[in-house]
Amino acid sequence: MMRNATISEQRVNIDGQRLLRRIEQLGNVGSIPGGGVCRLALTDADRVGRDLVVQWMRELELDVAVDAIGNVVATRRGLEDGPPVMTGSHIDTVRTGGRYDGNLGVLAGLEVVAALNDAGVMTRRPLAVAFFTNEEGARFQPDMMGSLVYVGASPLEQALATRGIDGATVAEELARIGYAGAAAVGKPKVHAYVELHVEQGPVLEEEGFVIGAVEGVQGISWTEFTIEGQSNHAGTTPMRLRRDAGYAATQIACYARRLAEEMGGNQVATVGSLTLSPNLVNVVSNRALMTVDLRNTEEGALQEAERKLFAYAEAAAATEGVLLARRTLARFSPVAFVPELVARVEAIAEELGLTVMRLPSGAGHDAQMLARICPACMIFVPSVGGISHNVKEFTEPADLVAGANVLLRLLLELAV
Ligand code: GLV
Ligand code: MN
Ligand code: MN
């Protein structure tokens, strides 16, 4: 017999062991040496991971809907109809990912549902647990693709036509793995969105806090540069006659690093991908393909970093006599979460006797997209050594469970 949730019934606790078991089981899908995971979006490994999570959703008696961009939303009925309180994240990973990035938020959401089912507690509003397609953006750009389409900020057709780093399109791969769903994109509407995630940075651990009340997400700018020069013999071509695409590319890479150091503050810059052609020891490169990831918590500073980087790249290319083309792969302004929700994360953590601090997110998250359509916030737990997008990503089990308990209480507050 289901009962209406009351404040006293908010003493429901999540089952930590069950949460940890699910994290381990999902982490075994696409596992790679060193304890990490490779489940790039819409690959076979992603499909196996999706199938497992959907199976768990059905076992929890959730109503599972798959939309046209492959987002999966599993809804638990409320005493009243209406927009659900949603939680979730993503289950795709980078090629050298860990077990927690994204997966924690989805599996903690399922654990909240399991705990409420066990306790026989019904909420007034429905609850939904979602995982969004291609949050990582490692295979298809931009990142946060599924949630971006969900909130109506990017046309579905454009996302479906996106070609990945291996040449396949999102539409082809969704159809191939059986996740081109029939549900309307952007449904249901969302009352509020809360996402639990590992911090992926060093702050909570260094400062000695268990819970992060995330104030917002920094802005992201991804640019792809294509540089065309002329290949020639490495031994016979005098330096003054070279049009070396590789040289221009590496100059830009070094400048990106220098730029971030000179700007200071929260500016970061990363060249995560650089491919030279023909990529041979004795041939001057005729082509370079590279990416630059710039991020800052301040929109004005991020724009300044972009201006300086682009100006430098053009000057470096001109000096070397190579052609430079640039394409934006992703561009998102910084997002601030709703202050009342950030304050509730803090208060709930304190009520549970957990240490809590406010901080911005350095990584991108689906919550920053959901924030466009509803009040949204995030809960962080520490990442040991601040390591993420690495097989060694790790969060202490007790911290995973603590974060899930904060999530449970905030979801109940919003849904009661
Ligand atoms: C995506 O998750 C990113 O922050 O790179
Ligand atoms: Mn993530
Ligand atoms: Mn990630």
Subject >> Pair Arg258 + Glu261, salt bridge at N-O below 4.0 Å >> reply: no
Original post:
Do NZ/NE/NH1/NH2 and the carboxylate oxygens of Arg21 and Glu111 come within less than 4.0 Å?
Top reply: no
Original post:
Is there a salt bridge (Lys or Arg N to Asp or Glu O under 4.0 Å) between Asp67 and Lys187 once you walk through the steps?
Top reply: CA-CA 9 Å; Asp67 71 18; Lys187 295 282 180 347; over 6 Å; no
Original post:
What's the spacing between Asp92 CG and Glu136 CD if we round to 0.5 Å?
Top reply: 5.0 Å
Subject >> Any side-chain donor near an acceptor of the partner, Glu298 and Asn266, under 3.5 Å >> reply: no
Original post:
In Å and rounded to the nearest 0.5 Å, what is the CG to OH distance from Asn71 to Tyr150?
Top reply: 8.0 Å
Subject >> Pair Thr43-Arg95, side chain to side chain donor-acceptor pair (under 3.5 Å): steps then yes or no >> reply: CA-CA 11 Å; Thr43 55; Arg95 204 194 297 280; over 6 Å; no
Original post:
Roughly how far, to the nearest 0.5 Å, is the CH2 atom of Trp56 from the CZ atom of Arg18?
Top reply: 12.0 Å
**OP:** Check step by step if side chain to side chain donor-acceptor pair (under 3.5 Å) holds for Gln267 and Asn296.
**Re:** CA-CA 5 Å; Gln267 183 62 49; Asn296 201 306; 2.9 Å; yes
Subject >> Rounded distance (nearest 0.5 Å) linking atom CG of Asn103 with atom NE2 of His197 >> reply: 8.5 Å
Subject >> Lys/Arg N to Asp/Glu carboxylate O, Glu351 vs Arg409, below 4.0 Å >> reply: no
Original post:
Quick one: does NZ or CZ of Arg242 land under 6.0 Å from the six-membered ring centre of Tyr247, within 45 degrees of the ring axis?
Top reply: no
Subject >> Aromatic ring pairing Tyr312/Tyr255, orientation class (parallel under 30°, perpendicular over 60°, tilted between) >> reply: parallel
Original post:
Using a distance-only test with no angle check, is there a side-chain donor-acceptor pair under 3.5 angstrom linking Asn286 and Arg243?
Top reply: no
Original post:
So, do His365 and Phe380 have ring centers that fall under 6.0 Å from each other?
Top reply: yes
Original post:
How many angstroms lie between OG1 in Thr291 and CH2 in Trp222, if you round to the nearest 0.5 Å?
Top reply: 8.5 Å
